Amino acid sequence: VNGQKKVEQIPQSLTLQEGDNVTLECNFSFIENSLQWFKQDPQEGIVSLFVLTIGMKKKGRLGTSINSKEGHSFLNITNSKPEDSGIYLCAVE
Ligand SMILES: *[C@@H]1O[C@H](CO)[C@@H](O)[C@H](O)[C@H]1NC(C)=O
Ligand SMILES: *[C@@H]1O[C@H](CO)[C@@H](O)[C@H](O)[C@H]1NC(C)=O
Ligand SMILES: *[C@@H]1O[C@H](CO)[C@@H](O)[C@H](O)[C@H]1NC(C)=O
């Protein structure tokens, strides 16, 4: 990532109650190909959650969407559970 290809994640950290719905946001200034959301899991290491080029995807309690024009993507977690804790990362290709 350099100055021209900026990627920003919001919020940087967050504490929740079990059952909360969460929205993580990733803003980027430039996208060539796809955006990927990862989770860094204490047990499993880095796990790819979604690869997204357009529109939205769902997987169980997780949902994601991207708006390439406006330069942002959401990762939503519905009804959060203790196993959702970890570090979430987004990467733009
Ligand atoms: C989370 O979202 C689900 C589905 O949209 C909804 O049924 C539930 O009430 C929400 N939970 C909270 C804590 O807002
Ligand atoms: C991220 O993008 C959203 C939607 O375009 C915008 O409302 C928000 O201010 C942006 N956040 C930052 C830190 O740039
Ligand atoms: C995720 O949450 C945001 C903000 O609440 C909402 O605008 C968006 O439609 C949701 N996306 C998905 C895939 O659930």
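Worth saying up front: this structure is predicted, and the values here are computed from it rather than measured. Start at 1 and go down the list; that is how both ligands and their atoms are numbered.
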Near Thr64, which atoms of ligand 3 are under 4.0 Å from a heavy atom of that residue? 13 (C)
Heavy-atom contacts with ligand 1 below 4.0 Å: which residues, ordered by chain and residue number? Gly19, Asn21, Thr78
Is a salt bridge present between Arg61 and Asp84, judged by a nitrogen-to-oxygen distance below 4.0 Å? yes
Rounded at 0.5 Å granularity, tell me how far CE in Met56 sits from OG in Ser73. 10.0 Å
Is the shortest side-chain heavy-atom distance between Ile54 and Ser68 below 4.5 Å? no
Check for a donor-acceptor pair, side chain of Lys39 on one end and backbone N or O of Gly45 on the other, with a separation under 3.5 Å. no
Is Gln36 close to Ser48 at the side-chain level, that is, under 4.5 Å between some pair of heavy atoms? yes
Would you mind running through ligand 3 and noting each atom that sits below 4.0 Å from a heavy atom of Met56? 12 (C), 13 (C)
Scan side-chain atoms only and decide if Thr23 and Asn76 contain a donor-acceptor pair under the 3.5 Å cut-off. yes
State, yes or no, whether a side-chain contact exists between Ile31 and Ile66 at a heavy-atom distance under 4.5 Å. yes
